[in-house]
Amino acid sequence: MSRYDFKNTEKKWRARWAARPIQQNAEGKPKYYCLTMFPYPSGTALHVGHWRCYVIGDILARHKILQGYHVLHPMGWDAFGLAAENNAIKQKKHPSKSVTENIASMKRQLMEMSTVYDWKDEINTTDPAYYKWTQWIFARMFERGLAYEKEMPLNWCQSCKVVLANEEAEGGVCERCKHPATKKNLRQWMLKITAYGERLLSDLEKLSWPPRVKKMQADWIGKSYGAEIDFDGIKAFTTRPDTLCGATFMVLAPEHPLVEALTAPECKEAVDAYVQRASARSSVDRMQDKEKTGVFTGKYVINPLTKEKMPVWVADYVLADYGTGAIMCVPGHDERDFVFAKKFDLPIVQVITPEGRDALPLLAEAYTGDGVLVNSGAFDGMTVAKAKKAISDFIEKEGLGKATVNYKLRDWVFSRQRYWGEPIPIIHCEACGPVLVPDSQLPVLLPDIASYEPTDTGESPLAKIDDWVNTPCPQCGLPAKRETNTMPQWAGSSWYFLRYPDVDNPEALADPQALAQWLPVDHYVGGIEHAVLHLLYARFYTKFLYDIGVVAFEEPFPALFNNGMIYYKGKKMSKGEGHGVSPDEVLPKYGCDALRLYEMFIAPPEMDCEWDDSGIEGVARFLNKVWRLVESARFVPPTEELLRARHRMIHDITIRLDNLSLNTVVSGFMEHTNYLLAMPGLDKETLEILAVLLSPFAPHMAEEIWERLGHTESVFSQPWPAYDPEMLKTDTIELVMQINGKLRGHLQVPAETDKDTILAQARKALAPRLEVAEIVKEIYVPGRIVNFVVK
RNA sequence: GCCCGAGUGGCGGAAUUGGUAGACGCAAGGGACUUAAAAUCCCUCGGAGGCAACUCUGUGCCGGUUCGAGUCCGGCCUCGGGCACCA
């Protein structure tokens, strides 16, 4: 008996599929858009961790083809951006060259996975025909005031020599190189994602996404309810208006615009020094500082309720860009204010007390719990919840402020001081200001230059190319200069899913009909690392395009599947030379089908897991078993037993696949194959069905089996098999017998046996044990157990 | 610090969602076949006890609910992830 020759079989079918794609005559069938997050060609090679996500997507796509859908399952390259450029600099190659090489190498790998991508639909975000539309979207945002310029202190990564969006500087360090971010004052392009904060938050509800991803986005948007209160011209946002009577001082952020004006002359020197020191420090330093620092401005404001004088301080624990950049401080009920008040000897007043107590004996720490108001005049005795509303209302009535909401979400810093990105289609004219490049002149091509390395100054390398920079103003014709910053890495991926149905369209980002036919994406598969970045930006773009009438839906990805990461020797796998297992090492030894199966078998697909080099042996053996099953099959007419086995197999695989429990699908295949191997003979149809069921997972072997069973067309022309629930029933059932919940035996009875008969038989079977005891209760769960409760 | 997850054999993991814990694999040990190896096949494989059909015990720890708990509730412990001066 010959061993399964995966090498030649896989080669054979790959060639056949290339000549004749498996999806034929799909027009008119219901559509299914299955999308896997496209790779970022910043290294030369994919590792088995990347494969996991592509295999999941491919299995879903193939399953849908078998279920009779017209499936779009495309692939492309997210090839602009810093990581790709850094990789090029490291290799001392021009980014366009290095990216092209990386794509070629990754594409070769993807082809060896035998995924069903139709390479006619390939996207490359660095292709001018593609980024023309990335620029076009920016232009539409500019027209509507959603793209604007602003000079402000920004997160700057000295290692990458670039500004970072807030989303890229989580925890105060550069998302890519982990270098601490410092503040740098720069003129930047911003996208007003905050205008969409509320919709981005409330529409999360509609999405069938993993809860943790929704939560991460909700936390990132960070909505909180409160009030904005005016203290003699200084506005402060608080979520605790109920504690207003306990506000004994105010603190402004060092960058607050009023600091200079309100500082008393005798405090000026100290305040200036403090502000200067604060701005020089990185946000990491500022955050890691446990010790609170601050300086008194010499100014006082009046608490509108207590009429007490509140000193105004400046301290860097208050953030300039959240709320109003100024806070009312309630040391009795806020931990940070408490620490500050203790350090600088400011008054602490208690205004909340736990219900049922008059007052806390001594405030050793801030009391942040629930309770009722004290020391608050007319508001005494109210609960926190009630007082929040009552004091907000009072403030509003008196014209001292208003109830309001605040978001943590900030506008998106959208320009990068780097070469390898989409040029921003703007021309700066001294007379007209920033002017859009007319649509007819799009795309603004990224010039091909020799020296593309970043500079220390915060200026893009493009700024040095005079004949590119200097251009007439499209509006007045006078000499003007092009914008030299480029777009961030995320720009191209924020809308790419819209392009796949119509990749060559020169007239529009995609034909409206193609969009209507294919979008939104039915199933999106990708890693958790994009929980807030890509997924939030793509949702923002889609909502904007909805508002301007380009698309008819507000959410691009109604269903999302997050695959877990594969670790190797305890660490994340990393691209390139680093750390990981390459499919190139595995494929020659085990083949594509085995690797695909193992990627699924290794763990539940949504969970992180550890790569085990010897684990793949098991699925390779399984494939050989299947091959042996087919090769050595002695065909017989289908017996009752074979029919039942067949339907159980269809049932098990279908249910598990529908639940995306892909690891148990593989173990299900193993169980059923083992069962069939033990049968004295097999009917042909059961094997045919096994081939169809197996085809999304091990497509090469499935085709080979299908052909061997005498078929000339592809196995993918078959419908997904259906099972008959009647065939899942068995003639006899096995019940478990228990006494006091402990296993005491098994009982075989005909399936239709009634309760009394079963109980009688069980009593008889357990007679020796039951005779010495008194039966208190009998429990019977049909089809499962009989339990006697005895004393 | 706050908010999520997760703890099951030597290992990866199953368990119809409250009903036989350890499916399916990996690794290990023993055996068959073979001159030998590879491949394949058979047996053992949580712990303790017994010649044995079996018995007790066992899903991070302590308690609870229930006829019955890996699964539900309360309290801890450990690990992983997210957020982190957001007022």
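These numbers come from the heavy atoms of this one structure, side chains and all, not from hydrogens, waters or symmetry mates. Per chain, numbering begins at 1; letters A, B, ... match sequence-line order.
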Worksheet entry | Residues forming a salt bridge (charged side-chain N to carboxylate O under 4.0 Å, His left out) with A:Glu198, sequence neighbours excluded |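 Partners of A:Glu198 by the salt bridge (charged side-chain N to carboxylate O under 4.0 Å, His left out) criterion, ordered by chain and then number, come out as A:Lys223.
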Partner nucleotide, any strand, of [N] [Watson-Crick/G-U, under 3.5 Å]:
{"N": "B:rC67", "value": "B:rG19"}
{"N": "B:rG1", "value": "B:rC83"}
{"N": "B:rG7", "value": "B:rC77"}
{"N": "B:rU55", "value": "B:rA48"}
{"N": "B:rG29", "value": "B:rC43"}

Rounding to an integer number of Å, can you tell me how far [X] [atom1] sits from [N] [atom2]?
{"X": "A:Asp652", "N": "B:rC24", "atom1": "CG", "atom2": "P", "value": "13 Å"}
{"X": "A:Tyr4", "N": "B:rU40", "atom1": "OH", "atom2": "C1'", "value": "19 Å"}
{"X": "A:Met216", "N": "B:rC2", "atom1": "CE", "atom2": "C1'", "value": "15 Å"}
{"X": "A:Leu319", "N": "B:rC85", "atom1": "CG", "atom2": "C1'", "value": "7 Å"}
{"X": "A:Lys408", "N": "B:rG82", "atom1": "NZ", "atom2": "C1'", "value": "11 Å"}
{"X": "A:Tyr225", "N": "B:rA87", "atom1": "OH", "atom2": "C1'", "value": "17 Å"}
{"X": "A:Ile653", "N": "B:rC24", "atom1": "CD1", "atom2": "P", "value": "14 Å"}
{"X": "A:Leu535", "N": "B:rG82", "atom1": "CG", "atom2": "P", "value": "16 Å"}

Heavy atoms under 4.0 Å, any strand shown: does [X] hit a base, just sugar-phosphate, or nothing?
{"X": "A:Lys625", "result": "sugar-phosphate"}
{"X": "A:Arg744", "result": "sugar-phosphate"}
{"X": "A:Asn624", "result": "nothing"}

Worksheet item: Less than 6.0 Å separating the ring centroids of A:Tyr598 and A:Trp611?
Response: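 Distance test on ring centres: under 6.0 Å, yes.
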Worksheet item: Ring centroid separation for A:Trp313 and A:Phe344, is it under 6.0 angstrom?
Response: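 Yes, close enough.
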Check whether any side-chain heavy atom of [X] sits under 4.5 Å from a side-chain heavy atom of [Y], and report yes or no.
{"X": "A:Val619", "Y": "A:Val666", "result": "yes"}
{"X": "A:Thr9", "Y": "A:Met701", "result": "no"}
{"X": "A:Val586", "Y": "A:Trp51", "result": "no"}

Discussion item. Regarding A:Glu778 and A:Arg763, does a basic nitrogen lie under 4.0 Å from an acidic carboxylate oxygen?
Written reply: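 Yes, charged N to carboxylate O under 4.0 Å.
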Fill in: Charged N-O contact under 4.0 Å between A:Asp652 and A:Arg648
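Between A:Arg648 and A:Asp652 there is no salt bridge, as every charged N stays at least 4.0 Å from the carboxylate O atoms.
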Please measure how far the [atom1] atom in [N] lies from the corresponding atom in [M], and state the result in whole Å.
{"N": "B:rU8", "M": "B:rG70", "atom1": "P", "answer": "15 Å"}
{"N": "B:rC24", "M": "B:rA15", "atom1": "C1'", "answer": "12 Å"}
{"N": "B:rG25", "M": "B:rG30", "atom1": "P", "answer": "22 Å"}
{"N": "B:rA39", "M": "B:rG29", "atom1": "P", "answer": "14 Å"}
{"N": "B:rC4", "M": "B:rC72", "atom1": "P", "answer": "16 Å"}
{"N": "B:rG58", "M": "B:rG46", "atom1": "C1'", "answer": "7 Å"}
{"N": "B:rG12", "M": "B:rG64", "atom1": "C1'", "answer": "34 Å"}
{"N": "B:rG5", "M": "B:rA23", "atom1": "C1'", "answer": "25 Å"}

Worksheet item: Is any side-chain N or O of A:Tyr317 closer than 4.0 Å to OP1 or OP2 of B:rA87?
Response: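 So the side-chain polar atoms of A:Tyr317 never come under 4.0 Å of the phosphate oxygens OP1 or OP2 of B:rA87.
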Discussion item. Can you tell me if A:Lys742 touches the phosphate of B:rU57, counting only side-chain N or O atoms and a distance under 4.0 Å to OP1 or OP2?
Written reply: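 Affirmative; the distance criterion is met.
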Worksheet entry | For B:rG58, glycosidic torsion class - syn if within 90° of 0, otherwise anti |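 What B:rG58 shows is an anti base, its glycosidic angle lying more than 90° from 0.
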Worksheet item: Does B:rU78 sit syn or anti, given that only angles within 90° of 0 count as syn?
Response: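 Anti, which is what one calls it when the glycosidic angle falls more than 90° from 0.
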Worksheet item: Closest nucleotide of RNA chain B for A:Glu335 versus for A:Met328: which of these residues is on the 5' side?
Response: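 Nearer the 5' end of the strand: A:Glu335.
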Worksheet item: In terms of the nearest nucleotide of RNA chain B, which residue is placed more toward the 5' end: A:Gly615 or A:Asp337?
Response: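 So the residue in question is A:Gly615.
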Worksheet item: Is the base of B:rC3 touched by the side chain of A:Lys215 through a donor-acceptor pair closer than 3.5 angstrom?
Response: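 No, the side chain and the base share no sub-3.5 Å donor-acceptor pair.
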Worksheet item: Does A:Phe601 have A:Arg596 sitting over its ring (NZ/CZ under 6.0 Å from centre, angle to axis within 45°)?
Response: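 No, cation not above the ring by the 6.0 Å, 45° rule.
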Worksheet entry | Pi-cation contact, A:Tyr780 with A:Lys755 (under 6.0 Å, within 45°) |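 Relative to the ring axis of A:Tyr780, which defines the angle, A:Lys755 lies outside at least one limit.
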Fill in: From B:rA84, B:rC67, B:rC24, nucleotide with atom closest to A:Trp220 side chain
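Within the option list, the nearest is B:rA84.
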Worksheet item: What one-letter contact string describes nucleotides 9-21 of chain B from 5' to 3', where B marks a base within less than 4.0 Å of any protein heavy atom, S marks contact via sugar-phosphate atoms alone, and - marks no contact?
Response: ---BSS-B--BB-
